Number of protein chains: 2
Amino acid sequence: MTSKTTTPRKHAHPAFPGPGHNHVACLSQTLDRAKSAFETRGLRLTDLRLRVFTEIAASHHAMGAYDIIERLGAKGTRLAPVSVYRAIEALTAAGVVHRLESANAYFACHAAHASQRQHIVLSCRTCRTIAEVAAEAVFDAIEDIASVHGFKADTRIVEISGLCAHCVEKASQ
Amino acid sequence: MTSKTTTPRKHAHPAFPGPGHNHVACLSQTLDRAKSAFETRGLRLTDLRLRVFTEIAASHHAMGAYDIIERLGAKGTRLAPVSVYRAIEALTAAGVVHRLESANAYFACHAAHASQRQHIVLSCRTCRTIAEVAAEAVFDAIEDIASVHGFKADTRIVEISGLCAHCVEKASQ
DNA sequence: AACCGATACGTTATAATATAACAATACCTA
DNA sequence: TAGGTATTGTTATATTATAACGTATCGGTT
Ligand SMILES: [Zn+2]
Ligand SMILES: [Zn+2]
Ligand SMILES: [Zn+2]
Ligand SMILES: [Zn+2]
């Protein structure tokens with residue numbers, strides 16, 4: 001028999017990391033995916049790029065280029081802005097870092113984008129956490145409306161700001 | 001009987017201004033709507049704001065703040081950046097100018113947003129023209145996916161870059 | 001190994017975008 | 001007209017990003 005106090009079913013891989021999130025393991029997988037991404041594209045994940053990526057992927061937050069410079073500077077190596085921007089360029093080209101357009105900031109792709117499905121960005125304005133979530137219906141609707149207007153879409157930016165589930169819960173307490 | 005050579009039905013109010021676009025009339029209506037927008041909100045469309053708005057609304061393109069400064073400068077008044085930014089802030093608050101996040105630029109709202117329906121931004125990478133188009137299905141899909149993740153959406157940015165119908169046609173010739 | 005072309009990185013300077021702080025002025029209302 | 005508020009002016013500075021050019025490193029070829 002089932003208990004009367006079953007907890008609601010949660011996502012196996014919740015988009016927003018919860019309190020129990022093991023980011024050490026998360027980061028390790030993210031680094032592995034980054035290495036694969038560079039390899040399969042015939043690009044080189046150099047030491048500089050790896051250090052910049054590790055800094056960005058250290059959290060699920062978006063980070064400005066100058067934040068990265070400061071953090072790496074605190075670890076001993078003061079990089080010139082252009083070096084960081086070049087690393088970011090390579091990382092975004094490899095698809096392991098994305099730019100949060102509405103914040104002029106950069107975040108690591110922690111989801112396995114392996115499937116070619118497109119993702120939208122959810123950004124919590126309280127805890128600053130970023131999540132990418134698959135949203136085929138959104139992109140289907142975009143293609144529909146674009147075609148109605150004879151528009152041939154190329155790049156699609158969908159960035160939603162609001163409150164993540166964890167922060168909604170906290171706010172209601 | 002109908003002719004065999006009927007031209008395809010066009011939008012009554014095409015999102016992208018075509019070759020025959022009468023922008024003088026378009027601008028006049030846009031200015032009228034801006035005046036109403038300020039009035040109904042109890043805000044003041046001052047001379048500075050009107051001049052900045054007129055410059056932005058002079059085209060269907062997005063324009064950087066410093067472009068505005070240069071253009072107004074060429075007309076005799078050299079404004080400080082902060083003045084233009086403050087005008088832009090008032091104009092966006094009134095809803096008659098929007099920010100193109102992916103370009104750090106600003107564009108006038110030429111569509112009657114009177115209906116509260118939300119719009120997505122289509123941006124042609126060839127002719128640089130911006131169009132806002134209603135897209136309820138897109139926003140419905142966004143709400144769906146957000147609610148799946150327990151996310152309470154606040155601001156929604158949808159910016160699509162690509163080729164407008166006019167530029168698609170030119171490219172295929 | 002020596003060479004070569006391509007890619008990546010370092011160094012310096014500067015461009016482009018945006019805001020802070022405070023003074024002066026214009027507008028509204030009493 | 002006096003007084004408070006909103007707006008604008010003035011100056012300085014913060015933040016984000018790229019240009020230009022030289023040096024080093026990588027990877028393949030002779
Ligand atoms: Zn994590
Ligand atoms: Zn949150
Ligand atoms: Zn027009
Ligand atoms: Zn076009």
Side-chain angles (χ1 to χ4, degrees), chain A residues 34-35 37-56 61-73 75-94 96-107 128 157 159, chain B residues 34-35 37-56 61-73 75-94 96-107 128 157 159:
Chain A
K35 283 168 192 163
F38 273 85
E39 248 176 57
T40 61
R41 289 165 214 250
L43 303 171
R44 291 164 50 202
L45 182 50
T46 63
D47 177 64
L48 173 66
R49 290 167 185 177
L50 182 58
R51 277 185 294 150
V52 170
F53 182 65
T54 303
E55 213 52 57
I56 297 175
H61 298 168
M63 192 178 294
Y66 286 79
D67 291 335
I68 299 168
I69 291 173
E70 279 188 28
R71 283 163 199 258
L72 286 176
K75 292 182 180 167
T77 41
R78 187 89 202 163
L79 290 173
V82 71
S83 293
V84 168
Y85 277 103
R86 284 194 286 225
I88 289 171
E89 187 182 22
L91 293 164
T92 53
V96 300
V97 161
H98 304 301
R99 178 180 160 86
L100 187 65
E101 298 290 345
S102 50
N104 295 338
Y106 308 88
F107 62 97
R128 298 285 172 206
I157 294 166
E159 295 178 0
Chain B
K35 283 167 192 164
F38 272 82
E39 247 176 57
T40 60
R41 289 164 213 251
L43 304 171
R44 289 165 50 204
L45 181 51
T46 63
D47 177 63
L48 174 66
R49 292 167 184 177
L50 181 57
R51 278 185 294 150
V52 169
F53 183 65
T54 303
E55 213 53 57
I56 297 175
H61 298 168
M63 192 177 295
Y66 285 79
D67 291 334
I68 298 167
I69 291 172
E70 277 187 31
R71 283 163 199 258
L72 286 175
K75 290 182 181 168
T77 39
R78 187 90 204 162
L79 291 172
V82 71
S83 294
V84 169
Y85 278 104
R86 284 194 288 226
I88 290 171
E89 187 181 23
L91 293 165
T92 53
V96 299
V97 162
H98 305 301
R99 179 180 160 85
L100 188 64
E101 298 289 346
S102 50
N104 295 336
Y106 308 88
F107 62 95
R128 298 286 172 204
I157 294 165
E159 296 178 359

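Any value given below was found using the heavy atoms of this structure, including those in side chains, with hydrogens, waters and symmetry copies removed. Everything numeric in this text was worked out from a predicted model, so none of it was measured.
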Checklist entry - To the nearest Å, how far apart are B:I88 CD1 and C:dT17 C1'? => result 10 Å

Item to check | Intermediate values then yes/no, side chain to side chain contact (heavy atoms under 4.5 Å, CB included), A:Y85 and A:Y106 | outcome: CA-CA 11 Å; A:Y85 277 103; A:Y106 308 88; 3.8 Å; yes

Checklist entry - B:R44 or B:Y106: which one's nearest nucleotide on DNA chain C is closer to the 5' end? => result B:Y106

Item to check | Backbone N/O of A:I88 and side chain of A:T92: donor-acceptor pair under 3.5 Å | outcome: yes

Checklist entry - Does C:dA18 have OP1 or OP2 sitting under 4.0 Å from an N or O in the side chain of B:R99? => result yes

Checklist entry - Starting at the 5' end of DNA chain D, which residue's closest nucleotide do you reach first, B:D47 or B:P81? => result B:D47

Checklist entry - Is a donor-acceptor contact shorter than 3.5 angstrom present between the side chain of B:Y66 and the base of C:dA18? => result yes

Checklist entry - B:L45 has an atom CG; how far is it from atom C1' of D:dT8, in whole Å? => result 15 Å

Checklist outcome for this item: From CZ of B:R41 across to C1' of D:dA6 the rounded distance in Å is 18 Å

Next on the checklist: When you measure from the side-chain N and O atoms of B:T46 to the phosphate of C:dA26, is any distance below 4.0 Å, counting only OP1 and OP2?
Outcome noted: no

Checklist entry - Quick one: A:E39 CD to D:dG27 P, roughly how many Å, whole number? => result 12 Å

Next on the checklist: Tell me the interatomic distance from B:I69, atom CD1, to C:dA18, atom C1', rounded to whole angstroms.
Outcome noted: 10 Å

Checklist entry - Which heavy-atom pair separates B:R51 from B:T77 by the least distance, and what is that distance? => result NH1-OG1, 3.1 Å

Checklist entry - Atom CZ of B:R51 to atom P of D:dT7: distance rounded to whole Å? => result 16 Å

Next on the checklist: Measure CG/A:L100 against C1'/D:dT15 and give the value in whole Å, please.
Outcome noted: 16 Å

Checklist entry - What pair of heavy atoms forms the shortest contact from B:F53 to B:V97, and how long is it? => result CD1-CG2, 3.6 Å

Next on the checklist: Can you measure B:L50 atom CG to D:dT8 atom C1' for me and round it to whole angstrom units?
Outcome noted: 16 Å

Next on the checklist: Could you report the tightest heavy-atom contact between A:S83 and A:L48, atom names first, then the distance?
Outcome noted: O-CD2, 3.9 Å

Checklist entry - Taking OP1 and OP2 of D:dT8, is either one under 4.0 Å from a side-chain nitrogen or oxygen of B:R49? => result yes

Item to check | Phosphate contact (C:dG10 OP1 or OP2) by A:S83 side-chain N/O below 4.0 Å | outcome: yes

Item to check | Nearest to side-chain heavy atoms of B:V82, which nucleotide of C:dT17, D:dT8, D:dT10 | outcome: D:dT10

Next on the checklist: Does C:dT19 have its OP1 or OP2 closer than 4.0 Å to a side-chain nitrogen or oxygen of B:Y85?
Outcome noted: no

